[in-house]
Number of protein chains: 2
Amino acid sequence: MSSALPPFPKPEEPFDAPQMLEVGTSSDEPCLRADAARNRARLLEAAARLIAEQGVAGVTMEAVAAAAQVGKGTVFRRFGDRTGLLMALLDHSARQLQADFLGGPPPLGPGAAPLERLRAFGVAVLYRSAEQLDLQLAAQPEPTRRFSHPAVGSLRTHVTMLLRQIVPDADCDLLAHTLLASLDPALIHHLTRQCGMPMERLEAGWLDLVARVTATPPPGTGR
Amino acid sequence: MSSALPPFPKPEEPFDAPQMLEVGTSSDEPCLRADAARNRARLLEAAARLIAEQGVAGVTMEAVAAAAQVGKGTVFRRFGDRTGLLMALLDHSARQLQADFLGGPPPLGPGAAPLERLRAFGVAVLYRSAEQLDLQLAAQPEPTRRFSHPAVGSLRTHVTMLLRQIVPDADCDLLAHTLLASLDPALIHHLTRQCGMPMERLEAGWLDLVARVTATPPPGTGR
DNA sequence: TCACGATCCGGACCGAGGTCCGTTTAGATT
DNA sequence: AATCTAAACGGACCTCGGTCCGGATCGTGA
């Protein structure tokens, strides 16, 4: 056991600070070397093109590398694995959503009542996932990592915070997990594409769930 | 485009009837040829041995085939894919659980009030998953198939039925999905192994969730 | 007992994800 | 400008899941 230094130190930690990410910065690479940054951009662009042309299934690591005129090793060095690449593709919209509920206008952002924010949050997540369902599904890592990704951690933290304001006596951490689980992309896929439920029903389901869990009257009750 | 007959017709449909499976039969192979049945048993035994020796990670299709002194193609013919093999390993306990809540003694089985059955159901699922966590995790198919497997369909049907008796006015189908999502093995793994929550807390969380969703007082309230 | 067809077996083969390591290069220092 | 080092590059290589099809086997009917 001489040296155990990994070939690539680590594949670009997704977020710098644990949860607090500034929303203004357009990109997030810490301090990539010029060529590395260029290749990163080319890879993302190539991947997006491949998706547009042949769907997520066409996004093969080799194909992406070839399309970006780059070695295969480079793809893995930059993104860690296929999941990492797909996540990076989703990163933009993830940050958008985060910015919206962290500092955007009500009812999503601060300024609205916690209960209302929670309702809006679920609906937003629901529709966002529905839009990019294929990508979201393909980006799903192995079960072990599903919840450790910082992006979902951020959502969880937010929901937990809202819950603490609405039902302070509950086990908000646990409850947040449950609520988020009901917004899982795989579940949305199953319900909409395999069971044929319309999005409106899922939306209503979320509002109803929130109402039950928080023991508040459902929205639309106040006339 | 002459003939499109698949090499292997289908990899052993997991259950014969949609949901109604008789609980008495010990095994379920429809009518396998003698050698096929023998090989099937040897494969399952070999897989179990491999798990015991080196964990789920050691369960490679080739390794299982070799350990069972059988060709690789045979494994795939019998179980379809790796997920299928792992599922088959879980099949016994799945049927056990199903028998318990379908025809076993209260509070799980019929005879107890629906609300009580629902509570017991969650707790049972919780502990069963916790026992075989590694296997449950590894057996998780790609997101697209997570919910289409008959075993989970059976759980869902049961929960839906109970819900209909407890909260007839709700969207029980949807609610059942949500409740089951909160018992997902991946989530249990995250909460217990990565967040360090004790099982008691998850159990309490389930009971609390049921209470909220059904708008009933939590158990232990009656004195 | 024999023959025959459906079923099953085996292992070569393929594609894709992921790793390794010798080589190249950016860019900071002198 | 010359040098030096950490970082990045590239593609051969490995493993593993999954497919295919020629050949062996079971078990049934005569």
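Source: prediction; values computed, not measured. Residue numbers start from 1 in every chain, and the chains themselves are labelled A, B, ... in the order their sequence lines are given, proteins ahead of strands.
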Please list, for nucleotides 27-30 of chain D, all pairs of protein and nucleotide N/O atoms separated by less than 3.5 Å.
| unit_1 | atom_1 | unit_2 | atom_2 | d |
| --- | --- | --- | --- | --- |
| D:dG27 | OP1 | B:A34 | N | 3.0 |

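Within the 4.5 Å cutoff, side-chain heavy atoms of B:F79 are placed close to those of B:L44.
Screening residues 50-69 of chain B for ring-ring contact (aromatic ring centres under 6.0 Å, His included), with sequence neighbours left out, gives no hits. The stretch residues 170-189 of chain A participates, sequence neighbours left out, in these ring-ring contact (aromatic ring centres under 6.0 Å, His included) pairs: A:H177-B:H190.
Remark: nothing in residues 137-146 of chain A comes within less than 4.0 Å of DNA chain C through any heavy atom.
If you measure from atom CD of A:Q54 to atom P of C:dG15, you get 15 Å, rounded to the nearest angstrom. Regarding A:R40, its CZ atom lies at a distance of 18 Å from the P atom of D:dA7, rounded to whole Å. Atom CZ in B:R77 sits about 15 Å away from atom P in C:dG11, given to the nearest Å. When the P atom of D:dG18 is taken as reference, atom CG of B:L85 falls 11 Å away, rounded to whole Å. For the pair B:D81 CG and C:dA16 C1', the interatomic distance rounds to 16 Å; values are reported in whole Å. D:dT19 atom C1' lies 18 Å from atom CZ of B:F79, rounded to whole Å. Rounding to whole angstrom units, CD of residue B:E62 and P of D:dT15 are separated by 10 Å. Per the geometry, CE belonging to A:M61 stands 15 Å off C1' belonging to D:dG11, to the nearest Å.
Under the salt bridge (Lys or Arg N to Asp or Glu O under 4.0 Å) criterion, A:R212 pairs with A:D208, not counting sequence neighbours. In this structure, the ring-ring contact (aromatic ring centres under 6.0 Å, His included) partners of A:H158, at least two apart in sequence or on a different chain, are A:F101, A:F121. When the salt bridge (Lys or Arg N to Asp or Glu O under 4.0 Å) test is applied to B:R145, the partners found at least two apart in sequence or on another chain are B:D81, B:E142. In this structure A:E131 satisfies the salt bridge (Lys or Arg N to Asp or Glu O under 4.0 Å) test with no other residue, sequence neighbours excluded.
Closest approach to the B:F76 side chain among D:dC9, D:dT19, C:dG18 is made by D:dT19 (side chain taken as heavy atoms from C-beta onward). When distances are taken from the side chain of A:T60 to each of D:dT19, C:dG17, C:dG10, the shortest belongs to C:dG17. Residue B:K72 has its side chain nearest to D:dG18 when only C:dG10, C:dG18, D:dG18 are considered.
For the pair B:T74 and C:dG10, the criterion of a side-chain N or O lying under 4.0 Å from OP1 or OP2 is met. Listed pair B:N39 / C:dC9 meets the phosphate criterion, a side-chain N or O lying under 4.0 Å from OP1 or OP2.
The two residues B:A181 and B:L187 come nearest to each other via the heavy atoms O-CD2, 4.0 Å.
Checking B:V59 against A:Q69, the closest nucleotide of DNA chain D that is more toward the 5' end is the one next to A:Q69.
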Under 3.5 Å donor-acceptor pairs involving side-chain atoms of residues 48-76 of chain A, not counting sequence neighbours:
| unit_1 | atom_1 | unit_2 | atom_2 | d |
| --- | --- | --- | --- | --- |
| A:E62 | OE2 | A:K72 | NZ | 3.4 |

